[in-house]
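If you read the sequence from its start, that first residue is 1, and numbering goes on from there.
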Amino acid sequence: METESRAMLIAAVSEMAVLRALQLAGNRIIGARGRSVRVPMKSVEPWSIHVHLRVEEQELDAFLKDAWQIPIAVGLPDDLLDALDLHTRTLLTAGIEFNRDDLRRTLCRLPQQPALPWESVGS
């Protein structure tokens, strides 16, 4: 696979994983805050709830519990998962909206492009 296509694929898979983690966390944030915030947040996408409702660092593990199960199940490498988890935790605690360019900067800081699990198939 050519380098540019591979980088785009890694970025797309990473974006879906981070947005799914933010979505899961957003639903849990609403659940933890109760009915008083459910109605005002009804028009906010679940992956953006953290922009409107503060998330404390000690809440992160609970809000992100099992958020990485699918990326783990498909075999994404640990270094990529660690980077995505840190990126997501930063967004949640800082109340920053997801931004594709910010994620790409995170991916560029990885020491090397991660090996994708399906690249070894048929080798």
Side-chain angles (χ1 to χ4, degrees):
M1 181 180 299
E2 70 181 64
T3 304
E4 187 175 322
S5 295
R6 189 173 185 286
M8 287 175 58
L9 181 59
I10 290 170
V13 168
S14 297
E15 184 171 338
M16 287 188 292
V18 168
L19 285 170
R20 173 64 180 128
L22 289 171
Q23 178 185 39
L24 183 60
N27 288 332
R28 290 177 174 162
I29 293 165
I30 291 290
R33 301 300 187 264
R35 288 187 173 155
S36 63
V37 299
R38 203 167 284 141
V39 173
M41 292 290 114
K42 195 171 191 145
S43 65
V44 177
E45 296 294 348
W47 54 83
S48 296
I49 294 293
H50 67 281
V51 175
H52 305 279
L53 300 174
R54 181 142 177 80
V55 176
E56 300 296 333
E57 193 170 335
Q58 65 269 17
E59 297 174 301
L60 290 174
D61 288 342
F63 291 158
L64 290 172
K65 184 178 188 295
D66 299 328
W68 306 110
Q69 281 186 319
I70 293 171
I72 289 168
V74 299
L76 291 188
D78 289 342
D79 58 339
L80 178 57
L81 288 169
D82 291 345
L84 298 178
D85 183 64
L86 180 59
H87 183 82
T88 302
R89 287 169 183 269
T90 301
L91 294 177
L92 287 167
T93 55
I96 299 171
E97 186 78 44
F98 173 83
N99 179 287
R100 182 175 286 147
D101 291 332
D102 290 342
L103 178 59
R104 286 195 177 134
R105 281 189 281 279
T106 293
L107 296 174
C108 286
R109 286 192 291 268
L110 289 172
Q112 61 184 14
Q113 280 198 341
L116 298 173
W118 50 84
E119 290 179 321
S120 61
V121 175
S123 299

Can you list everything that forms a salt bridge (charged side-chain N to carboxylate O under 4.0 Å, His left out) with Glu59? Sequence neighbours excluded, please. Arg33
Donor-acceptor pair between Ser48 and Glu97 side chains, under 3.5 angstrom: yes
Side chains of Pro71 and Leu84, heavy atoms from C-beta outward: is any pair under 4.5 Å? no
Restricting to side chain to side chain donor-acceptor pair (under 3.5 Å), what partner residues turn up for Gln58, sequence neighbours left out? none
Determine, using the 4.5 Å side-chain heavy-atom cutoff (strictly less than), whether Val51 and Val37 are members of one ILVMFWY cluster. no
Rounding to 0.5 Å, atoms CZ (Phe63) and CG (Asn27) come to a distance of 11.0 Å
Approximate separation, where rounding is to 0.5 Å, of Thr90 OG1 and Glu57 CD: 9.5 Å
Can you list the residues that meet the side chain to side chain donor-acceptor pair (under 3.5 Å) rule with Arg109, with sequence neighbours excluded? Thr106
Show the nearest heavy-atom pair for residues Thr88 and Val18, with the distance to one decimal. OG1-CG1, 3.6 Å
Is Ile70 reachable from Phe98 through a run of I, L, V, M, F, W or Y residues, each pair having side-chain heavy atoms under 4.5 Å apart? no
Identify, with sequence neighbours excluded, every residue that meets salt bridge (charged side-chain N to carboxylate O under 4.0 Å, His left out) alongside Arg104. none
What's the separation between atom CZ in Arg105 and atom NE2 in His87, rounded to the nearest 0.5 Å? 9.5 Å
Mind checking what makes side chain to side chain donor-acceptor pair (under 3.5 Å) contact with Asp61, not counting sequence neighbours? Arg89
Determine yes or no for a side-chain-to-main-chain donor-acceptor pair under 3.5 angstrom, with His50 supplying the side chain and Ile96 the backbone. yes
Main-chain N/O of Asp102 paired to Asn99 side chain as donor or acceptor, under 3.5 Å: yes
Side-chain heavy atoms nearer than 4.5 Å, only ILVMFWY residues, links allowed to pass through others: does that put Leu86 and Met16 together? no
First locate atom CD of Glu45, then atom CE of Met41, and finally report the distance between them rounded to the nearest 0.5 Å. 12.5 Å
At what distance, to the nearest 0.5 angstrom, does CD1 of Ile30 lie from NZ of Lys42? 11.0 Å
Just verifying a value: how many Å separate Leu103 CG and Ile10 CD1, rounded to the nearest 0.5 Å? 11.5 Å
Testing the basics here: between Leu92 and Val55, what is the closest heavy-atom pair and its distance to 0.1 Å? O-CB, 3.6 Å
Taking all non-hydrogen atoms of both residues, which atom of Leu64 and which atom of Ala21 are closest, and how far apart? CD2-O, 3.8 Å
Are Trp68 and Leu80 connected into the same hydrophobic cluster when the rule is that any two of I, L, V, M, F, W, Y join if their side-chain heavy atoms are below 4.5 Å apart? yes
Sorted by chain and residue number, the side-chain contact (heavy atoms from CB on, under 4.5 Å) partners of Asp82 (sequence neighbours excluded) come out as none
Over all heavy atoms of both residues, which pair between Leu110 and Ala83 is shortest? Give the atoms and the distance, please. CD2-CB, 3.6 Å
Scanning both residues in full, the closest heavy-atom pair of Ala67 with Leu24 reads CA-CD2, 3.7 Å
